[in-house]
Amino acid sequence: MLATMRYSKFFIPTLRDDPADAEVISHKLLLRAGYIRRVTSGVYDYLPLAVRVLRKIEAVVRDEMNRAGAQELQMPMVQPGELWEKSERMEKYGPELLRFKDRHGHESCLGPTHEEVICDLVSRELRSYKQLPMNLYQIQNKFRDEIRPRFGLMRGREFIMKDAYSFHADEDCLAAEYKNMFDAYCRIFTRFGLKFRPVEADTGSIGGSDSHEFHVLADSGEDLIAHCGACEYAANVEKAVSNRQTVAVEQAELKMVDTPVVTSAEDVAGFLSVDIALLVKTMVYRIIGGEHDGVIVAACVRGDDQVQEIKLAHAVGADSVELATDAEITEIGGVTGFVGPQNLLSRVLLDHSLQGATGLVAGANRKDAHITGLDTARDITSGEFFDLRQTRAGDTCAKCGGNIELSRGIEVGQVFALGTRYTEPMEVLFQNQQGQRSVATMGCYGIGVSRLMAAIVEQCNDAAGISWPLTLAPFSVGLISMGKSGAVLEASEAIYHQLKGAGIDVLWDDRKERPGVKFKDFELIGLPLQVVVGDRGLNDGQVEMGWRKNERRSVPVADIVSVVLSELQSSELQSVETGN
RNA sequence: CGGGGCGUAGCGCAGCCUGGUAGCGCAUCUGGUUUGGGACCAGAGGGUCGGGUGUUCGAAUCACCCCGCCCCGACCA
């Protein structure tokens, strides 16, 4: 029974070399240290060490969710297609939704998220406003058939998620719960000792009105977040708004100039020796989804800006946008490489930064030609202005005028105020205080538990391996028997049982390995505290204790349990105080 | 979906160009010597060379097809 906490019997398949197919640190270390193994693209086995960490992460999440008043339930992973038809997401969710038919030919899918199922459940049981609000959550495997799974646990197809769903009688109540969940998330990530940041976010395919993402700051993050150096403003670049300084140029005559072969904004600016910010970059897109599905539109930003496609999609009421083909560009009167906003046969959307701008350079919609002296107010009569550009470092904050900086982040949580996006089609109705039928409002709140494990490794590692925060380490203490004399093994076993008896998670390395091997392995798998039992000290009744990669000190055998306990406790206290 | 790379023992790799007995390091097993920071000696086991078809007397090696994996991109007109 206890044999399982002996290293010699515990399943920890460590690797000396980094597996060749791992790129990011968390992926390499989780593989090397024996936490995960790949089953197929984006799908992993969680080995015993990983399960211990996941259980600890989940325990903190549960603790805070329960404390915030949510109740745990468990929904199925296999969901009936008809629920997705009802919410109108069967088509909308796209190929990420893995669909299949059961033996009776019923359309089914693997749950990528559970709005449909929870709404179906609640709609059957909800009758009165007196039952509201309620917040239900689960911790469960999700499946999303990602275009390109990568970076190990960071973007898997199957992953572990905590997802919570709240239902309310009115908007104010939803707003209060949104805040409640927001605060709970801050407490959760603080307890993990993470450098994180909540940011305003786009609502994406989930939909709804208001949303924040929680990002763990890490260079390997897939998301770009913009934040103000002076105030609290922070947002995903998919949504971030900011101001930019524009160059003032006098009004000029419209002129066509030859620009043979030069097409990119950089090249044109160089060729004509003008500031790249005076270029108008005109991108042609095809609308995907929504009322205007398939329609071609042009989007203009300044030459040194980029079109933020999610903003563009919102501006035209689309699900997404895709770059148009050359043929489609020709269709609207454009010439690939020389597209400009004038005389196009499509809608022309311009970024706010172009409003009232003069002296601009744009494509002439003729091969090898651009126009100069463009004045958006004067020359583009049918232009519509939107926020279309992607925020850049050095922009000024729209709220306070401070300096905007960009950072990379790993999205580990997101909260949404959904309103009635799902409750309306799914008919989540109740009788209100006035006796009338009313549609419930809804919020949903997710945490990527398995991604969180990887994100923590991204922040907590060094050349030797993983250095777990004490609260999440698979074992708090690594007990190393040094040398194989009977006395060492006996003393180790006794200490092992005493530590266990004191409620401490301890892994006893009873292997017949040389000391270096044991130290390296413990540093790789990331156990925070080491206790070393060796002949050298044992003769004087001493063992050693020290934090990972730090100096060890001698402790009398008789005191080791109490010293370890106080050491662990003071470390926990410290981490609460410093939030680290 | 497009581009690039890769697939040979559990892990990391060589061999392929120029066809001819499948190799190295680590790991594993046995024995011995070691034992305070990834030991040493001796021996051993482990391979459908991703799969299929073809060319050839003969294919890990050449050709074609398929599969899988990784990276980049999905973008600046």
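Numbered from 1 within each chain, the chains take letters A, B, ... in sequence-line order.
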For B/rG38, the Watson-Crick or wobble counterpart (both distances under 3.5 Å): none
Toward the 5' end of RNA chain B, by each residue's nearest nucleotide, A/V339 or A/Q530: A/Q530
Parallel, tilted or perpendicular: rings of A/Y35 and A/W468 (30°, 60°): tilted
Proximity of A/Y7 and A/F475 rings by center, below 6.0 Å: no
Between B/rG50 and B/rC11 - P atom distance, rounded Å: 13 Å
Rounded distance in Å - CD (A/E322) to P (B/rC76): 14 Å
Base-pairing assignment for B/rC6 (Watson-Crick or G-U wobble, both under 3.5 Å): B/rG68
Polar side-chain contact A/E23-B/rC70 base: donor and acceptor under 3.5 Å: no
P-based separation of B/rG36 from B/rC40 [nearest Å]: 15 Å
N/O donor-acceptor pair under 3.5 Å between A/T358 side chain and A/V249 backbone: yes
A/M90 side chain near A/R99 side chain, heavy-atom distance below 4.5 Å: yes
Each nucleotide N or O in nucleotides 34-36 of chain B that has a protein N or O under 3.5 Å away: list the pair and distance.
residue, atom, partner, partner atom, Å
B/rU34, O2, A/R514, NH1, 2.8
B/rU35, O4, A/K484, NZ, 2.5
B/rG36, O2', A/R536, NH2, 3.0
B/rG36, N1, A/E544, OE2, 2.5
B/rG36, N2, A/E544, OE1, 2.4
B/rG36, N2, A/E544, OE2, 3.0

Positions of residues 29-47 of chain A (non-hydrogen atom under 4.0 Å from RNA chain B), listed by number: A/R32, A/R38, A/T40, A/S41
Table please: side-chain donor-acceptor pairs of residues 318-332 of chain A below 3.5 Å, with sequence neighbours left out.
residue, atom, partner, partner atom, Å
A/E322, OE1, A/R286, NH2, 2.6
A/T325, OG1, A/E328, N, 3.2
A/T325, OG1, A/E328, OE1, 3.3
A/D326, OD1, A/T336, OG1, 3.1
A/E328, OE1, A/R286, NH1, 2.6
A/E328, OE1, A/T325, N, 2.9
A/E328, OE2, A/R286, NH1, 3.0
A/T330, OG1, A/D326, O, 2.9

Nucleotide B/rA77, atom C1' - distance to NZ of A/K281 in whole Å: 9 Å
Distances for protein N/O vs nucleotides 43-45 of chain B N/O pairs under 3.5 angstrom?
none

Side-chain donor/acceptor of A/R392 to backbone N/O of A/D305, under 3.5 Å: no
Any donor-acceptor N/O pair, A/R408 side chain to A/G221 backbone, under 3.5 Å: yes
With A/E458 via salt bridge (charged side-chain N to carboxylate O under 4.0 Å, His left out) - residues at least two apart: none
Pairs touching residues 524-543 of chain A that satisfy salt bridge (Lys or Arg N to Asp or Glu O under 4.0 Å), sequence neighbours left out: none
Between the protein and nucleotides 48-51 of chain B, list the N/O to N/O atom pairs that are separated by less than 3.5 angstrom.
none

Pairing residues for A/D395 by the salt bridge (charged side-chain N to carboxylate O under 4.0 Å, His left out) criterion, not counting sequence neighbours: A/R389
Sugar-phosphate, base or nothing in reach of A/A22, heavy atoms under 4.0 Å: nothing
Backbone of A/V457 reached by a side-chain donor or acceptor of A/N461 within 3.5 Å: yes
Sugar-phosphate, base or nothing in reach of A/E328, heavy atoms under 4.0 Å: nothing
A/F519 side chain near A/V532 side chain, heavy-atom distance below 4.5 Å: yes
Partners passing salt bridge (charged side-chain N to carboxylate O under 4.0 Å, His left out) against A/E158 (at least two apart in sequence or in another chain): none
4.5 Å side-chain heavy-atom contact, A/S220 and A/M154: yes
Any side-chain heavy-atom pair of A/E493 and A/R6 under 4.5 Å: yes
d(CZ, A/F522; P, B/rG38) in whole Å: 16 Å
Integer angstrom distance from the C1' of B/rG2 to that of B/rG58: 40 Å
Under 3.5 Å donor-acceptor, A/K518 side chain and A/S481 backbone: yes
Watson-Crick or G-U counterpart of B/rC57, or none if no pair lies under 3.5 Å: B/rG20
Heavy-atom side-chain proximity of A/M545 to A/R553 below 4.5 angstrom: yes
At a cut-off of 3.5 Å, list every protein nitrogen or oxygen paired with a nitrogen or oxygen from nucleotides 5-16 of chain B, distance to 0.1 Å.
residue, atom, partner, partner atom, Å
B/rG12, OP1, A/A20, N, 2.8

A/Y285 vs A/G152, nearer the 5' end of RNA chain B by closest nucleotide: A/G152
Whole-Å C1' distance, B/rG15 and B/rU61: 9 Å
For A/V335 against A/N365, the heavy-atom pair lying closest together: CG2-O, 3.4 Å
Partner nucleotide, any strand, of B/rC1 [Watson-Crick/G-U, under 3.5 Å]: B/rG73
B/rC49 and B/rA9, which share atom name C1', separated by this distance in whole Å: 10 Å
Sugar-phosphate, base or nothing in reach of A/V284, heavy atoms under 4.0 Å: base
Same-atom distance (C1') from B/rG23 to B/rA14, integer angstrom: 7 Å
From B/rC75, B/rG37, B/rA77, nucleotide with atom closest to A/Q306 side chain: B/rC75
side-chain N/O A/S264 vs B/rA77 OP1/OP2, d < 4.0 Å: yes
Gap in Å between the two C1' atoms, one belonging to B/rC13 and one to B/rG7, rounded: 13 Å
Selection: residues 361-387 of chain A, any non-hydrogen atom under 4.0 Å of RNA chain B: none
Main-chain N/O of A/S8 paired with A/D510 side-chain donor or acceptor, under 3.5 Å: yes
Atom-pair distance (CG on A/L349; C1' on B/rA77), nearest Å: 16 Å
Side-chain heavy-atom pair A/F271, A/P260 within 4.5 angstrom cut-off: yes
Whole angstrom value for the distance that separates C1' of B/rC76 from CZ of A/F338: 14 Å
Pairing nucleotide - B/rA44, Watson-Crick or G-U, each distance under 3.5 Å: B/rU28
Set of residues satisfying salt bridge (charged side-chain N to carboxylate O under 4.0 Å, His left out) with respect to A/D521, sequence neighbours excluded: A/R511
Same-atom distance (P) from B/rC62 to B/rU21, integer angstrom: 16 Å
Whole-Å distance separating the CD atom of A/E331 from the C1' atom of B/rA77: 16 Å
